[in-house]
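Accompanying notes for the structure given below.
Because the structure is predicted, anything quoted here is derived from the model rather than measured. Counting starts at 1 for both ligands and their atoms, in listed order.
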Amino acid sequence: MRIEPDDPGGDWVAQGVYEVSPDLYRIPLPLPSDGLKAVNVYAMRDGDGLVLIDSGWAIEDAREVLEKALAALGHGIGDVHRFLITHVHRDHYTLAVRLRREFGNRISMGAAELPSLRLVADPKRPPWASMFIQLSRGGGQPLIDQLAAEAAAAAEQVDSEHTASDWEDPDDWLDPPVDVALRGRTLRAVPTPGHTRGHVVFVDPDRDAMFTGDHVLPHITPSVGFEAEIAHSPLGDYLQSLRLVRGMPDRTMLPAHGPVSPSVHARVDQLLDHHATRLDEMAAVITHGANTAYEVASRITWTRRGRRLDELDLFNRCLAVVETSAHLDLLAEQGRLRRTVTDHVRHYQA
Ligand SMILES: [Zn+2]
């Protein structure tokens with residue numbers, strides 16, 4: 001693998017080591033599912049070693065690509081003296097945990113991820129437990145049945161002990177906002193709850209850059225509230241975190257999925273617009289007689305391509321219902337809808 005200049009107009013997923021700015025490199029790592037094509041890990045030279053922002057998913061393919069990429073930088077995985085993790089999702093956190101067992105790297109993550117990590121690390125907890133709760137609140141019984149069937153089939157294939165062991169505590173729980181002193185520079189961890197409760201972005205003031213994790217992504221709208229410890233108002237939190245970042249100086253955006261782009265603010269403005277439109281759209285669907293998150297999700301379209309709910313894969317159908325619930329609950333909080341609960345199912349009226 002050779003070091004090449006990063007080309008924001010190129011294929012961001014293509015394997016390589018891309019120099020974003022002096023001593024800072026973007027390394028896209030493969031993911032096992034084809035929904036999200038890759039996750040960007042950012043490596044910065046720091047002292048005589050490296051600091052990595054996010055780590056990738058604990059799969060053999062990702063580890064191999066990371067090893068080759070670090071070799072191109074003249075380093076091995078043992079030279080990574082710090083992993084700074086934006087949030088607890090598998091594609092960002094689990095490879096760091098696996099590598100630490102061999103190399104003893106230090107891992108830091110936002111403290112508000114602790115409750116979710118405790119839940120997913122519990123081997124007695126059934127997979128998808130929180131998703132089932134959220135789908136049931138959303139009136140998504142058909143999805144619950146399908147997910148239960150898939151989970152049962154997967155449980156027969158997967159060595160569950162192995163899966164649970166990818167979830168261990170980090171070495172440090174960051175309590176943001178907080179400065180993170182590295183060997184050669186200081187980054188600032190800023191709390192951005194919403195995508196998950198403990199999501200943080202890292203600001204690099206010297207490079208005038210922000211590692212946005214999944215908080216601000218260039219091509220897709222980050223999901224909100226897909227996490228083990230269910231947040232009270234994930235969309236409310238998320239919008240507030242967008243406004244927080246919008247109130248900070250504009251910087252280069254270094255996202256976890258997608259190409260680097262020159263302005264965090266430009267994308268935040270689009271995301272705020274998107275959610276305002278989405279809130280109006282969902283309120284209108286309730287006015288026209290839909291009652292639950294599942295019904296609303298079935299009547300609106302998804303992704304930039306305008307797909308119907310039943311055209312998405314199962315996981316994304318589930319995420320869509322969780323996403324819809326987050327919008328409807330925010331509308332209820334804002335007094336734009338009335339919410340009643342019958343047998344755990346949340347019903348909404350105009
Ligand atoms: Zn991600």
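- Between D204 and R188 there is no salt bridge, since no side-chain nitrogen of the basic residue lies less than 4.0 Å from a carboxylate oxygen of the acidic one.
- Taking the N/O/S atoms of H92 in turn, the shortest distance to the Zn ion (ligand 1) belongs to NE2.
- The CG atom of L143 sits 8.0 Å away from atom OG of S298, with the distance rounded to the nearest 0.5 Å.
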Checklist line | Verdict with supporting geometry, R339 and E333, salt bridge (charged side-chain N to carboxylate O under 4.0 Å, His left out) | finding: CA-CA 9 Å; R339 188 178 82 186; E333 274 170 49; over 6 Å; no
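- The local environment of CG in D175 is sparse, with at most 12 non-hydrogen atoms from other residues, nucleotides or ligands closer than 6.0 Å.
- Side-chain N/O atoms of D91 and H257 include a donor and acceptor closer than 3.5 Å.
- Draw a line from the Zn ion (ligand 1) to OD2 of D214 and another to NE2 of H257, and the angle between them is 100° (to 10°).
- H89 lies apart from the Zn ion (ligand 1) in this respect, since none of its N, O or S atoms is found at a distance under 2.8 Å.
- Within the 2.8 Å limit, H87 places no N, O or S atom next to the Zn ion (ligand 1).
- Minimum-distance N/O/S atom of D91 relative to the Zn ion (ligand 1): OD2.
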